[in-house]
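Structure, as structure tokens:
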Number of protein chains: 2
Amino acid sequence: MTKPRSRRGGGRPTIADVARKAGVGAITVSRALREPGRVSEDLRRKIQAAVDELGYLPDPNARALASARAEVFGVLVPSLTNSVFAEVLRGIYDSLSDSSYRIQLGNTHYSGLEEERLLQVFGPQRPAALIVAGIDQTPTSRRLLETAGCPVVQVMETGPDPVDMMVGFSHFDGGRVAAEHMIEVGYRRIGFIGARMDPRSQRRLAGYRAAMEAAGLFDARLITTTPVPSSVTLGRELFRDALAKVPTLDGVFCNNDDIALGVLFECHRASIAVPKTIGITGFNDLDMMEVAFPSVTSIRTPRYEIGRLSVAMALAAIAGKRPQEPVVDLGFELRCRESTAR
Amino acid sequence: MTKPRSRRGGGRPTIADVARKAGVGAITVSRALREPGRVSEDLRRKIQAAVDELGYLPDPNARALASARAEVFGVLVPSLTNSVFAEVLRGIYDSLSDSSYRIQLGNTHYSGLEEERLLQVFGPQRPAALIVAGIDQTPTSRRLLETAGCPVVQVMETGPDPVDMMVGFSHFDGGRVAAEHMIEVGYRRIGFIGARMDPRSQRRLAGYRAAMEAAGLFDARLITTTPVPSSVTLGRELFRDALAKVPTLDGVFCNNDDIALGVLFECHRASIAVPKTIGITGFNDLDMMEVAFPSVTSIRTPRYEIGRLSVAMALAAIAGKRPQEPVVDLGFELRCRESTAR
DNA sequence: AAAGCAGATGGTAGCGCTACCCATGACGCC
DNA sequence: GGCGTCATGGGTAGCGCTACCATCTGCTTT
């Protein structure tokens, strides 16, 4: 005779306690909680009463082990402080908060290798779904996603070859539309300023370039970039560099709004008239762009909506109702403001 | 005879596979992985070889169930998009990324009830540690934290009565120092502008009030607040309100930098000279405050460091090495800039 | 030399839950 | 009346891992 191991759980009630109290089998309790429709009204009430009385909460770890599926959404973003991803995360969070799914966060720091490592770590946990930023996974990451055995949503961008599903918009078009707008209102020597040139930034640059070439205005010297992480400070510095390189600059398309703000402040400081001498266009349309003086033209991107929709699609897929169209382009919107109002 | 249930796990190698391949018992594999020191060099190598060959990765759910402890840090923040908490989160994440701990995120939306609900949900999972923002938990939340059976770190603030440990700084002092600075450089009719008056904002306001009263300058009409979430846009609007209410206003202490930026932009738009006519002080010292024109005085808060230290303290507590002093005040720093340079 | 002890390894029995299969009774159909 | 079908409920056997002993070696202690 071995004495039973003392309750390591510290005395929390288990499903067996509930079953005993309700006078039913443990399985029936389990079913009543997960598929109420399959249990008679009568027992359901009795079980609910026992649950309430004992304050029973199912152990997610035991549940995950037994069902080989954790109620966890794995979310991989390249940055936590970049407000763009913070808003995607908020969208994901809000859409999940009245379900029982938990969120497990991974920060790839814009590194493909780190993304691989995180997918390795997430895998054995058997998440219910994976949401990853971007469409430029390494071959290894892609294989990990394909064999994860759960719905996968790539977010922030759209592309031709989804692992499973995608929600985003075209960064190339965003860059192109921004540049076309500046050309249309009369700017000619339009610079591109970008930091942290991740794949999305590269595509915005490509869109800018396409527009400039189509108008016969492209000049490689107009491009000023750095792999350094983006910041308002950096925007100022890159703008100074750009101006030193091309003194005839009459506009800038900034890779994001932080950069744009840095440019705007530097124009104030150097008494450069905006939009008269220099036009400014940003990207993402953060709240402050509308309030800035002068208000700054930007491309509004549906970050929160991307987060929400990615969860909706993943939940539908879990429920077996895969969307007809696995790739959803949520588009973007050019907001013309004072900074390009010539 | 029942046939064994087919491997639901989809054929991932288990600890038993590794044990068989290495010619040892399963428990020895388990130990080799978790407490290498307790296994002989020889076996350790053999086991490592088997692990590598099979690509074995332990199942965290099974581990959590068997050991009644999940390798999860529960993190509760009131907002995901507020860059202050995003930076705390980044600090937490960075400090945890080379351990095997995972992060489970909870967003309380500044709601005590939601915090209670999330703690209820986190509890049964038996997290290794809990990190929660703020010190104003409801009695229920406090009890949940006290009975969680794991280290708890309250972050962002310090106070007299920690649940377990605390890392932060004094918001009251921050508000006081900011106001004292403005008084010292000669401002007299100094307004307080604040949005989303959470407990930390309230304490900053209290600090401001203390300084103003000490200087005999306090006037309730100088205070303009709203429970609405903070934004740059809102900063502009509140400043307009404040100015309409008190036309003789000669300075503002803003509850945070977003508000301060809104005030700055509105000053530009209305051609109000900064710092001559109006002085501006922000709070948190985001990157952009230094770059703004004019650059904006602010209180630098150690957000990232708070995240890092909270994890370090929790890890130490898990390892049984509780810090001598459970409450750590990381302080803050006044950064005087052009916006108050009279 | 017997006893004691520490270090290394293994076996057994769960952790709390659910997948799988089976039992039962009510009902409808031929 | 026999037989399938459906709805409802339960029993058994794990999921993959680790806590808790037990065992076995080799060495020190007295």
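Each chain gets a letter, A, B and so on, in the order the sequences are listed, and its residues count up from 1.
One can place CZ of A/R69 at 16 Å from C1' of D/dG16, the figure rounded to the nearest angstrom. Separating the CG atom of B/D17 from the P atom of D/dC15 is a distance of 11 Å, rounded to the nearest angstrom. Across the protein-nucleic acid pair, A/L43 atom CG and D/dA7 atom C1' stand 13 Å apart, rounded to whole Å. The CG atom of A/D42 sits 8 Å away from the P atom of D/dG9 (whole-angstrom rounding). Nucleotide C/dA8 holds its C1' atom 12 Å from the CZ atom of B/R44, rounded to whole Å. Note: NZ (B/K46) to P (C/dT9) measures 9 Å, nearest angstrom. For the pair A/L65 CG and D/dC17 C1', the computed distance is 8 Å after rounding to whole Å. Between the CG atom of A/L54 and the C1' atom of C/dG16 there is a distance of 15 Å, rounded to whole Å.
Against DNA chain D, the stretch residues 55-64 of chain B makes heavy-atom approaches under 4.0 Å through B/Y56, B/P58, B/D59, B/A62, B/R63. Less than 4.0 Å separates DNA chain D from at least one heavy atom of each of the following residues of residues 29-41 of chain A: A/R31, A/V39, A/S40.
For B/S141, the side-chain hydrogen bond (donor to acceptor under 3.5 Å, both in side chains) partners two or more places apart in sequence, or in a different chain, are B/T138. When the side-chain hydrogen bond (donor to acceptor under 3.5 Å, both in side chains) test is applied to A/E41, the partners found at least two apart in sequence or on another chain are A/R44, A/R45. Residues meeting the side-chain hydrogen bond (donor to acceptor under 3.5 Å, both in side chains) test with A/E115, sequence neighbours left out: none. By the side chain to side chain contact (heavy atoms under 4.5 Å, CB included) test, B/V77 pairs with B/V75, B/L80, B/F85, sequence neighbours left out. Annotation: side-chain hydrogen bond (donor to acceptor under 3.5 Å, both in side chains) contacts of A/R143 (sequence neighbours excluded): none. Contacts of A/F122 classified as ring-ring contact (aromatic ring centres under 6.0 Å, His included), with partners at least two apart in sequence or in another chain: none. In this structure B/Y101 satisfies the ring-ring contact (aromatic ring centres under 6.0 Å, His included) test together with B/F73, sequence neighbours excluded.
Here the side chains of A/N107 and B/S97 are not in contact, with every heavy-atom distance at 4.5 Å or above.
Under the 4.0 Å criterion applied to side-chain N and carboxylate O atoms, B/E305 and B/R308 are not assigned as salt-bridge partners.
Of the listed residues (A/R34, A/E71, A/R63), just one forms a side-chain hydrogen bond (donor to acceptor under 3.5 Å, both in side chains) with A/S100, and that residue is A/E71. With A/L130 as the fixed residue, the side-chain contact (heavy atoms from CB on, under 4.5 Å) test singles out one of A/L144, A/L119, A/V153, A/D164: A/L119.
Relative to the side chain of A/T28, the nucleotides D/dG9, C/dG10, C/dG16 differ in distance, and D/dG9 lies closest. Of the candidates C/dA19, C/dG10, C/dC17, the closest approach to any side-chain atom of B/V24 belongs to C/dG10. Listed nucleotides D/dT18, C/dC17, C/dG10 differ in distance to B/A66; the shortest reach to its side chain belongs to D/dT18.
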- Message: Determine whether B/V327 and B/D329 satisfy the following criterion, side-chain contact (heavy atoms from CB on, under 4.5 Å), listing intermediate values before the conclusion.
- Response: CA-CA 7 Å; B/V327 178; B/D329 187 337; 5.8 Å; no
- Determine, stepwise, if the pair B/K21 / B/V18 fulfils side-chain contact (heavy atoms from CB on, under 4.5 Å). CA-CA 5 Å; B/K21 173 150 253 156; B/V18 176; 5.8 Å; no
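The ring pair (Phe, Tyr, Trp, His ring centres under 6.0 Å) analysis of residues 27-68 of chain B, with sequence neighbours excluded, yields no pairs.
Overall, the helix from C/dA1-D/dT30 to C/dC30-D/dG1 carries an axis bend of 40° between its ends, with five pairs at each end and the value rounded to 10°.
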What nitrogen or oxygen pairs link the protein and nucleotides 22-27 of chain C at under 3.5 Å?
none

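Looking at which nucleotide of DNA chain C each of A/I15 and B/A26 is closest to, the 5′-most match is held by B/A26.
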